[in-house]
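What follows is one structure encoded as structure tokens, with my remarks underneath.
Model, not experiment: these values are computed from the prediction.
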Amino acid sequence: MAEAGTGFLEQLKSCIVWSWTYLWTLWFFIMLFLVYILRVPLKINDNLTTVSMFLNTLTPKFYVALTGTSSLISGLILIFEWWYFRKYGTSFIEQVSVSHLRPLLGGVDNNSPNNSNTSNGDSDSNRQSVSECKVWRNPLNLFRGAEYNRYTWVTGREPLTYYDMNLSAQDHQTFFTCDTDHLRPADAIMQKAWRERNPQARISAAHEALELNECATAYILLAEEEATTIVEAEKLFKQALKAGEGCYRRSQQLQHHGAQYEAQHRRDTNVLVYIKRRLAMCARKLGRTREAVKMMRDLMKEFPLLSMFNIHENLLEALLELQAYADVQAVLAKYDDISLPKSATICYTAALLKARAVSDKFSPEAASRRGLSTAEMNAVEAIHRAVEFNPHVPKYLLEMKSLILPPEHILKRGDSEAIAYAFFHLQHWKRVEGALNLLHCTWEGTFRMIPYPLEKGHLFYPYPICTETADRELLPSFHEVSVYPKKELPFFILFTAGLCSFTAMLALLTHQFPELMGVFAKAFLSTLFAPLNFVMEKVESILPSSLWHQLTRI
């Protein structure tokens, strides 16, 4: 019996919510019509006449007192709202309306997580703030000839900035050259080629070097910049692999014979790792994903100390393509540092795996009624963790902002990293049913959990303030750089500020020109009610006099 009563109440509430949502306009006109019909028994005309006489008898002092009191009240509300916003980072009126009024009207707050864990505040104080923004090589950077240049041919836009390409030139000089290059003519030519700004000059120098000797770095340059397809790039990298392996074996035998041989061996190691990694990326782009995974695993086993290349991020993306989620979790367990994650790839991949366990059955309406389960709580916390690390990613994953080609360098926690991650991982989020819906319902709740002001951080060190400047250097000018979503002033604070300013101005004008403002107030009220009087006159002229007489006698 109790269940039947509860079900009846739920149906009644749903009916009321539906009627309020869709029929409120009709209700308004019906109530307005009834009030007009009942104006005689309710003595509305007499009351309006009395009110009009009362307004006519008011002195200018009353208007001065009224506007002054209104200004004072709105000013007090503004002060309270501003104090509450400074302390809690949200508007009190907005919070009350969302928390109490919106559920009564049938709305669900999709952005507020329930019972999130905020117990690690003590550890936050021990973390040091990172004051310098370091730029990293993009682990999934595209090929200039086969991908970036193709984009330029089609659109006429340059996807790479000069700053980004200059950083790549510095990387090439660091990884692909050494002090002994002058001893080998081909390497000496390539040492100059990496410094060339003109792409055609670099390509010509690479061909000149190959005429002298089988030079691995020359093949690398041609594969990166001259090859117009991934297939051509793969062929050139395979030729580079043969030459690079020979140089690596020779330098490995002589690496302990002096500092010069040590530097040469280090250079040859970098060349070999780069070639194998790019070959694995070619296999991944050509659809041979399992082969790419094997190549990446072998490379990580052979050179475990070269973590600066972040090969595990390539491996994570390839494993997600294979939907090998158990292997993805094993890689995350090795590289995910709870206190300081290395990239957005790690954070958002961990969030995707936890969201995958609950996203297919997740419903914000059901969660608001019964609360979050343990698995849902873990998924929401993982999303909050990822969003706090890089708050720019969700807008790209949810396609609220258009993607562009990722740059060759990224800034951790910046817009450039968000573009690089979403460009390759959006398809993996779409493949998991309900994952994007869960992200949509929970990601904005992160900003309410971060202590205010935002510089304090919550789970990680404070967000760097230099990301916007660095991202504008890395990203092309036609892209609108995403700025950290700072807590903007809520609508009600802006509204009360405008109301306070408006009433204060009215109070000042009324005090200076009381008679003129009194005339203005009466004219304003008459103008305000003029449309209503016009509509009522039209209704009286349209309806038959007998019917109208019977309705007014009800």
Side-chain angles (χ1 to χ4, degrees), residues 132-145 148 160-199 201-203 205-206 209 215-225 236-237 240-241 243-245 247-248 250-252 254-255 258-281 299-300 302-314 342-343 406-412 416-417 420 470 473-474:
E132 186 176 328
C133 291
K134 181 179 180 181
V135 177
W136 299 75
R137 183 82 177 178
N138 183 7
L140 295 169
N141 66 302
L142 305 178
F143 294 84
R144 283 194 187 179
Y148 287 120
L160 298 177
T161 63
Y162 173 76
Y163 176 72
D164 191 15
M165 292 188 290
N166 186 48
L167 291 176
S168 297
Q170 295 177 15
D171 293 339
H172 296 153
Q173 294 176 52
T174 302
F175 293 130
F176 300 152
T177 62
C178 65
D179 295 336
T180 60
D181 283 345
H182 65 279
L183 301 176
R184 293 183 288 189
D187 289 335
I189 294 176
M190 289 307 301
Q191 192 174 35
K192 296 179 181 179
W194 294 121
R195 299 172 183 170
E196 285 287 347
R197 294 185 178 181
N198 189 351
R202 291 196 298 270
I203 293 174
C215 181
T217 54
Y219 283 119
I220 290 176
L221 192 149
L222 295 178
E224 291 285 352
E225 301 192 25
L236 290 170
F237 273 120
L241 180 62
E245 286 179 338
C247 293
Y248 176 75
R250 289 191 296 269
S251 63
Q252 190 176 27
L254 301 174
Q255 62 175 317
Q260 292 184 346
Y261 293 104
E262 189 76 31
Q264 184 175 337
H265 176 67
R266 184 164 54 251
R267 190 275 307 270
D268 293 337
T269 301
N270 293 336
V271 170
L272 184 62
V273 172
Y274 185 89
I275 294 172
K276 290 186 174 182
R277 184 215 189 115
R278 294 303 260 179
L279 278 172
M281 295 177 68
L299 186 58
M300 293 170 66
E302 186 177 0
F303 302 98
L305 299 180
L306 293 181
S307 58
M308 59 183 174
F309 288 102
N310 293 326
I311 304 174
H312 60 276
E313 296 195 13
N314 301 83
K342 297 181 180 299
S343 67
E408 292 184 339
H409 288 80
I410 59 175
L411 184 67
K412 294 295 181 70
S416 52
E417 184 191 33
E473 295 289 335
L474 290 173

For R202, the salt bridge (Lys or Arg N to Asp or Glu O under 4.0 Å) test, sequence neighbours excluded, returns E225
Those residues at least two apart in sequence (or on a different chain) that pass side-chain contact (heavy atoms from CB on, under 4.5 Å) with E245 are L241, R249, L272, K276
With sequence neighbours left out, the residues meeting side-chain contact (heavy atoms from CB on, under 4.5 Å) with A243 are E214, A216
For N166, the side chain to side chain donor-acceptor pair (under 3.5 Å) test, sequence neighbours excluded, returns none
ring-ring contact (aromatic ring centres under 6.0 Å, His included) filter on F237, not counting sequence neighbours, yields none
Sequence neighbours excluded, the answer for side chain to side chain donor-acceptor pair (under 3.5 Å) partners of E417 is N390
Sorted by chain and number, sequence neighbours left out, side-chain contact (heavy atoms from CB on, under 4.5 Å) with Q191 holds for T177, D181, R195
Smallest heavy-atom separation, N310 atom then N314 atom, equals O-OD1, 3.6 Å
Residues passing the side-chain contact (heavy atoms from CB on, under 4.5 Å) test with A218, sequence neighbours excluded, are M190, A206, A209, L210, C215
Hits for salt bridge (Lys or Arg N to Asp or Glu O under 4.0 Å) against K412, two or more places apart or cross-chain, chain-then-number order -> none
Across all chains, not counting sequence neighbours, the salt bridge (Lys or Arg N to Asp or Glu O under 4.0 Å) partners of E224 are R278
Sorted by chain and number, sequence neighbours left out, salt bridge (Lys or Arg N to Asp or Glu O under 4.0 Å) with E473 holds for none
Sequence neighbours excluded, the answer for side chain to side chain donor-acceptor pair (under 3.5 Å) partners of N138 is none
